[in-house]
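Below: the structure, in C-alpha cells.
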Amino acid sequence: MTETIASHIEFFAAHAQCWGLPAIFIFMAVESSFIPFPSEVVMIPAGFLAIRGEMTTGIFWADALLAVLVGLAGSMAGAYVNYFLARSVGRNFLYRYGKYFFLSPQTLERSEEIFRKYGDLATFVCRLLPAIRQLISIPAGLARMNFGRFSFFTALGAGIWIVILTAVGAWFGHLSGDMSYAQLIGAGKEMISRHYGWILVFLVAFSVAYIFVHRFIMGKNRGAETAR
C-alpha cells in the first residue's frame with residue numbers, strides 16, 4: 001500500500017508551495033484516525049522538500065518547522081476523532097460495527113488490553129510503535145481518559161515521531177535530489193527500521209523514568225498528604 005500511495009504523492013510535491021501544508025494536515029489526520037495510512041509517505045517527503053527549499057517559505061528551518069507543526073496538528077485532529085468517537089458511541093457499538101471501519105474486534109481488544117495495563121504511558125509509547133500508534137486513542141476514549149492528559153501524551157509521542165520522519169526526509173534531501181518519491185520513502189523506511197532499536201531504547205528509558213516518578217515519588221507524596 002505504501003508504494004501505491006507514494007506514486008501519487010508526487011502530485012502534491014509538484015505543487016508543494018500551494019498544497020504542501022494543507023496536504024500534510026489532511027493526510028496526517030487520516031493517518032492518526034482509524035483509517036490505515038502510513039505517515040512515512042507524508043512526513044519523509046515533507047522533510048525532503050523542506051531542505052530543498054521547495055515548500056512554503058523556501059527557508060529550510062522555517063519550512064521544516066511548519067511541516068512538523070502542521071503534521072502534529074493533523075495527528076492531533078485524527079487522534080481526537082478516535083477519542084471522541086469512542087466516547088460517543090461506546091464499547092459495544094465499536095465491537096459490533098468497528099469491522100466496517102477497519103477496526104476488528106481483535107484489534108480493539110488488543111488496544112484495550114494495552115491501555116488497561118499501561119494507561120497514560122501507553123498513550124505516549126504507542127504513538128511510536130507501528131500498527132497500534134493511531135488505535136491507542138480509541139481505548140483512551142472508551143476509558144474517558146482525562147482530555148488534558150490524553151492531549152499531552154498524544155502530542156508528545158506524535159511530535160517525536162513526526163520530527164524523526166521529517167529529519168529522515170531532510171537527510172536524504174541533503175544527500176541527493178535525484179530520488180523518486182517511491183525510492184525516498186523506501187530508503188527512509190529502511191533507515192528507520194535499521195535504527196529502530198534506538199527508539200525502543202528511548203521508550204524503555206522513558207517508561208522506567210515515568211514509572212519511577214509516578215509510583216515512587218508521586219506515590220510517596222500522595223501518601224504523606226493522606227497521612228496529615
Give me the ring orientation class for Y80 and F147: parallel if the planes are under 30° apart, tilted from 30 to 60°, perpendicular past 60°.
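Judged by the thresholds at 30° and 60°, the geometry between Y80 and F147 is tilted.
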If the plane angle is over 60° it's perpendicular, under 30° parallel, otherwise tilted; pick one for F93 and Y97.
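Answer is tilted, since the angle falls between 30° and 60°.
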By the definition side-chain contact (heavy atoms from CB on, under 4.5 Å), identify the one residue from R91, M145, E112 that meets it with P139.
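Only one option passes, and that is E112.
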Has the side chain of [X] got a donor or acceptor atom that lies under 3.5 Å from a matching backbone atom of [Y]?
X: S111; Y: T107; result: yes
X: R87; Y: R144; result: no
X: S33; Y: G78; result: no
X: N82; Y: I136; result: no

Which heavy atom of [X] sits nearest to which heavy atom of [Y], and what is that distance?
X: R127; Y: A158; answer: CB-N, 3.7 Å
X: S151; Y: M76; answer: O-CE, 3.5 Å
X: L108; Y: I138; answer: CD2-CG2, 3.9 Å
X: F25; Y: A77; answer: CZ-CB, 4.0 Å

Under a 3.5 Å threshold, yes or no: a donor from one side chain and an acceptor from the other, between D63 and T57?
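Yes - a donor-acceptor pair under 3.5 Å links their side chains.
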[X] vs [Y] side-chain heavy atoms within contact, under 4.5 Å:
X: F115; Y: T123; result: yes
X: F37; Y: V42; result: yes
X: Y95; Y: E109; result: yes
X: L21; Y: M55; result: yes
X: L200; Y: L129; result: yes

Could you check R133 against S32 for side chain to side chain donor-acceptor pair (under 3.5 Å), going step by step and ending with a plain yes or no?
CA-CA 8 Å; R133 69 169 53 98; S32 193; over 6 Å; no
If the threshold is 4.0 Å, N to carboxylate O, is there a salt bridge linking R116 and E113?
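Looking at R116 and E113, the cut-off is not met.
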Within 6.0 Å of CZ in R96, more than 12 heavy atoms from elsewhere:
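Open.
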Positive for ring-ring contact (aromatic ring centres under 6.0 Å, His included) with F150, one of Y83, F84, F124:
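With F150 as partner, Y83, F84, F124 yield a single ring-ring contact (aromatic ring centres under 6.0 Å, His included), made by Y83.
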